[in-house]
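Everything numeric in this text was worked out from a predicted model, so none of it was measured.
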2 protein chains.
Amino acid sequence: MTAIGFSGHDHSACISDALASAEARCRENGWRLTPMRRRVLELLLSEHRALGAYDLLKLLSEEGQPRQPPVVYRALAFLTEHGFAHKIERLNSYVACAHPGSAHSPIFLICSACDKVAETTSPSGNPLEAAAREAGFAMEAAAIEASGTCPECRARQNEPAE
Amino acid sequence: MTAIGFSGHDHSACISDALASAEARCRENGWRLTPMRRRVLELLLSEHRALGAYDLLKLLSEEGQPRQPPVVYRALAFLTEHGFAHKIERLNSYVACAHPGSAHSPIFLICSACDKVAETTSPSGNPLEAAAREAGFAMEAAAIEASGTCPECRARQNEPAE
DNA sequence: AGATAGGATGTTATACTATAACATGTCGAC
DNA sequence: GTCGACATGTTATAGTATAACATCCTATCT
Ligand SMILES: [Zn+2]
Ligand SMILES: [Zn+2]
Ligand SMILES: [Zn+2]
Ligand SMILES: [Zn+2]
């Protein structure tokens with residue numbers, strides 16, 4: 001249950017795993033991973049960074065495939081509803097899910113220096129559940145977003161002399 | 001550390017405590033709780049509900065004190081920077097802090113039926129800190145927002161027959 | 001009191017984020 | 001081939017937030 005997104009990892013495996021998982025889950029459930037939805041997912045997967053809807057529109061435009069906002073927002077709605085992507089509320093933007101396939105309540109670690117977003121998951125019996133139970137609150141969904149500095153950016157700050 | 005916001009409590013004490021605390025802390029720190037800032041804080045305190053900037057503008061207008069968006073956004077910036085209010089990212093709106101005066105990392109419980117927002121705080125040594133430490137991430141701020149149904153709305157649902 | 005400087009507010013315009021509403025296209029079931 | 005369901009295309013607009021500059025207020029120094 002390590003955080004995926006910051007340190008060296010096989011990112012091409014990230015991408016191919018996520019795409020394969022999305023295809024499999026869509027096939028199993030009768031959802032349609034159309035070219036538009038798949039393209040948006042690929043763009044989100046390209047880096048562990050959150051992209052806004054208008055960033056995606058710009059990228060599509062640069063590929064010679066200009067689209068209007070509702071097109072991208074609908075693709076994002078599909079991806080987030082089915083757990084292939086998450087919205088980062090703090091940034092009004094979207095990241096591909098780093099733990100595809102499993103139901104999970106994600107925790108995001110957002111680096112304010114390099115904008116990378118790592119995703120990890122809550123251990124069970126977490127204090128949010130405890131707080132909710134204590135308050136008699138029936139929790140349905142939770143968003144946990146932390147801002148700070150990632151290991152690489154921290155290392156860079158500690159050796160500023162070139 | 002109980003959640004403040006849902007169940008019966010002395011809400012007028014909420015309001016007067018928060019205002020007194022804000023005045024005291026501003027006096028101590030040389031911050032200026034101007035009439036505009038104080039009025040916005042009072043509006044946020046009137047209920048345990050998140051208000052958007054444009055809701056506040058509408059309320060001010062209805063009081064015969066119309067203002068432009070930057071005025072309210074600046075008051076909100078002052079209040080959030082100094083811990084008198086918090087932004088609820090999920091709702092693009094703002095609540096008065098229910099634990100004024102103490103440094104804390106709040107947890108919000110947002111009722112999707114009645115829109116009330118309760119604020120509680122993380123116990124120390126919480127797993128978010130643990131996850132951040134494990135990832136080598138230097139956490140600066142965290143936003144924890146849970147959606148669900150509050151005790152009162154849950155009770156109401158369970159006895160729907162009038 | 002008058003000059004000055006910092007910060008708070010007033011005002012205009014605009015950027016950024018998201019969705020409503022309706023038209024058109026695609027594809028499989030019948 | 002037609003029908004229905006769903007996906008996308010298109011236009012317009014709603015909702016959230018800030019840049020930039022003008023003005024005002026207040027505390028301080030002279
Ligand atoms: Zn990766
Ligand atoms: Zn970083
Ligand atoms: Zn109260
Ligand atoms: Zn409720």
Side-chain angles (χ1 to χ4, degrees), chain A residues 22-23 26-27 29-44 49-61 63-82 84-95 110 115 117 143 145, chain B residues 22-23 26-44 49-61 63-82 84-95 110 115 143 145:
Chain A
E23 266 162 10
C26 285
R27 209 176 314 116
N29 293 94
W31 305 327
R32 295 174 54 190
L33 188 62
T34 62
M36 187 69 229
R37 291 166 176 177
R38 190 192 157 99
R39 187 73 199 109
V40 170
L41 179 55
E42 287 171 355
L43 290 171
L44 292 179
R49 177 166 287 137
L51 295 176
Y54 285 77
D55 295 329
L56 293 165
L57 284 164
K58 190 154 170 261
L59 290 170
L60 290 170
S61 230
E63 291 181 350
Q65 300 292 329
R67 290 293 186 279
Q68 296 299 319
V71 174
V72 157
Y73 278 101
R74 285 189 292 229
L76 289 169
F78 173 86
L79 295 172
T80 54
E81 274 162 21
H82 296 101
F84 303 126
H86 302 287
K87 179 172 187 184
I88 307 294
E89 301 286 352
R90 262 185 101 82
L91 303 177
N92 292 317
S93 51
Y94 304 83
V95 285
I110 306 165
D115 284 332
V117 175
E145 301 176 1
Chain B
E23 266 161 11
C26 286
R27 209 176 314 116
E28 286 163 23
N29 293 95
W31 305 327
R32 295 174 54 190
L33 189 61
T34 62
M36 188 69 229
R37 291 165 176 177
R38 191 191 156 98
R39 188 72 200 110
V40 170
L41 178 56
E42 286 171 355
L43 290 171
L44 292 179
R49 177 167 288 136
L51 295 175
Y54 285 77
D55 295 329
L56 293 165
L57 284 165
K58 187 153 171 262
L59 290 170
L60 290 170
S61 229
E63 291 181 351
Q65 300 292 331
R67 290 295 185 280
Q68 295 300 319
V71 174
V72 158
Y73 278 102
R74 285 189 291 229
L76 289 169
F78 173 86
L79 295 172
T80 54
E81 275 162 22
H82 296 101
F84 303 125
H86 302 286
K87 179 171 186 186
I88 307 294
E89 300 285 352
R90 261 185 103 83
L91 303 177
N92 293 318
S93 51
Y94 304 83
V95 283
I110 307 165
D115 284 332
E145 301 176 1

> Roughly how far, to the nearest 0.5 Å, is CG of B:N92 from CG of A:N92?
Replying inline: 6.0 Å
Which atoms of nucleotides 10-13 of chain C (N or O only) lie under 3.5 Å from a protein N or O atom, and what are those distances?
from   : atom 1 : to    : atom 2 : distance (Å)
C:dG10 : OP1    : B:R67 : NE     : 3.2
C:dG10 : OP1    : B:R67 : NH2    : 3.4
C:dG10 : OP2    : B:R67 : NE     : 3.2
C:dG10 : N7     : B:R74 : NH2    : 2.7
C:dG10 : O6     : B:R74 : NH1    : 3.1

>> Can you give me the closest heavy-atom contact between B:L33 and B:A22, atom names plus distance?
In response: CD2-CB, 4.2 Å
Atom [atom1] of [X] and atom [atom2] of [N]: how far apart are they, to the nearest Å?
{"X": "B:L60", "N": "C:dT9", "atom1": "CG", "atom2": "P", "value": "12 Å"}
{"X": "A:K87", "N": "C:dT19", "atom1": "NZ", "atom2": "P", "value": "7 Å"}
{"X": "A:Y73", "N": "D:dT16", "atom1": "OH", "atom2": "P", "value": "13 Å"}
{"X": "A:L91", "N": "C:dT17", "atom1": "CG", "atom2": "C1'", "value": "13 Å"}
{"X": "A:F78", "N": "C:dA18", "atom1": "CZ", "atom2": "C1'", "value": "20 Å"}
{"X": "A:L79", "N": "D:dA7", "atom1": "CG", "atom2": "P", "value": "12 Å"}
{"X": "B:L33", "N": "D:dT26", "atom1": "CG", "atom2": "P", "value": "15 Å"}
{"X": "B:H82", "N": "C:dG7", "atom1": "NE2", "atom2": "C1'", "value": "13 Å"}

> More 5' along DNA chain C: A:G52 or B:G30, using each one's nearest nucleotide?
Replying inline: B:G30
>> By nearest heavy atom, map A:R32 and A:N92 onto DNA chain C; which one lands nearer the 5' end?
In response: A:N92
>> Checking the side chain of B:R37 only, and the main-chain atoms of B:R32 only, is there a donor and an acceptor separated by less than 3.5 Å?
In response: yes
>> List the residues meeting salt bridge (charged side-chain N to carboxylate O under 4.0 Å, His left out) with A:E145, not counting sequence neighbours, and say none if there are none.
In response: none
> Got a sec, which residues hit side-chain hydrogen bond (donor to acceptor under 3.5 Å, both in side chains) with A:R39, two or more places apart in sequence or on another chain?
Replying inline: A:E42, A:E63
> Has the side chain of A:Y54 got a donor or acceptor that lies under 3.5 Å from a partner of the other kind on the base of C:dA18?
Replying inline: yes
> Please walk me through it: do B:H82 and B:L79 pass side chain to side chain contact (heavy atoms under 4.5 Å, CB included)?
Replying inline: CA-CA 5 Å; B:H82 296 101; B:L79 295 172; over 6 Å; no
>> Please verify the inter-ring angle class for A:Y73 with A:Y94; under 30° counts as parallel, over 60° as perpendicular, anything in between as tilted.
In response: perpendicular
